[in-house]
Amino acid sequence: MGKQSRRAFLRNSLLGVAALPLGVGILSRQSYAQELPRLDPNDEQAQALNYVEDAEQASDHPSYEEGEVCANCMFFERRSQSCQLFPQNSVEPDGWCQSWVTRD
């Protein structure tokens, strides 16, 4: 009985150690998204690209089409909620800018 307990302990320990990188990866992704400051729509670059935090606010922009939001743009990084066009900031997933391109 002592050997079975030792085997179970070793097996469970190895499984726990094997799963550790997965847990660390998930936690680091969440903390990375929280580390990026949200893009201010009044930022000079944001204004140059007509960025808005709510895509419906862009409905009068000639480039905007219904259904276009940051979350379905090819430049949007889901893991960090950032945009390749604004790498130092996170963006609102329901936002929009005139550089929106469909995600393939």
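All residue numbers in this chain count up from 1 along the given sequence.
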**Message:** Does E65, at its CD atom, have more than 12 non-hydrogen atoms belonging to other residues, nucleotides or ligands within less than 6.0 Å?
**Reply:** no
**Asked** Looking at SG of C70 and CH2 of W100, how far apart are the two atoms once the value is rounded to the nearest 0.5 Å?
**Response** 10.5 Å
**Item:** Rounded distance [0.5 Å steps], OG in S80 versus CD in E35
**Value:** 10.5 Å
**Asked** Do M74 and F76 belong to the same hydrophobic cluster, where Ile, Leu, Val, Met, Phe, Trp and Tyr are linked whenever their side-chain heavy atoms lie under 4.5 Å apart, directly or via other members?
**Response** yes
**Fill in**
For Q81 and R38, the nearest pair of non-hydrogen atoms, with its separation, is OE1-NH2, 3.7 Å
**Under 3.5 Å: donor-acceptor pair, side chain of N50, backbone of Q98** = no
**Complete:** Closest heavy-atom pair, V91 versus F86, reported as atoms and distance to 0.1 Å, is CG1-CD1, 4.1 Å
**Request:** Hey, could you give me the CG/CG distance between N89 and D40, rounded to the nearest 0.5 Å?
**Result:** 8.5 Å
**Message:** Using 0.5 Å steps for rounding, measure from the SG atom of C97 to the CD atom of E68.
**Reply:** 10.0 Å
**Item:** Close side-chain approach of Q88 and Q45, heavy atoms under 4.5 Å
**Value:** no
**Donor-acceptor contact below 3.5 Å, side chain N72 vs main chain V69** = yes
**Asked** Which pair of heavy atoms, one from R103 and one from A71, lies closest together, and at what distance?
**Response** NH2-O, 3.6 Å
**Request:** Taking ring-ring contact (aromatic ring centres under 6.0 Å, His included) as the test, write out the residues that go with F75, two or more places apart.
**Result:** none
**Prompt:** Taking side chain as C-beta onward, heavy atoms only, is Y51 less than 4.5 Å from C83?
**Reply:** no
**Prompt:** Which heavy-atom pair separates L49 from S99 by the least distance, and what is that distance?
**Reply:** CD2-OG, 3.5 Å
**Complete:** Heavy-atom closest pair (A46 atom, P41 atom, distance to 0.1 Å) is CB-O, 3.8 Å
**Prompt:** Does the side chain of W96 pick up a donor-acceptor pair with the side chain of D54 at under 3.5 Å?
**Reply:** no
**Prompt:** What pair of heavy atoms forms the shortest contact from L36 to S82, and how long is it?
**Reply:** CD1-CB, 3.7 Å
**Prompt:** CD of E56: more than 12 outside heavy atoms within 6.0 angstrom?
**Reply:** no
**Message:** Just verifying a value: how many Å separate C73 SG and L85 CG, rounded to the nearest 0.5 Å?
**Reply:** 7.0 Å
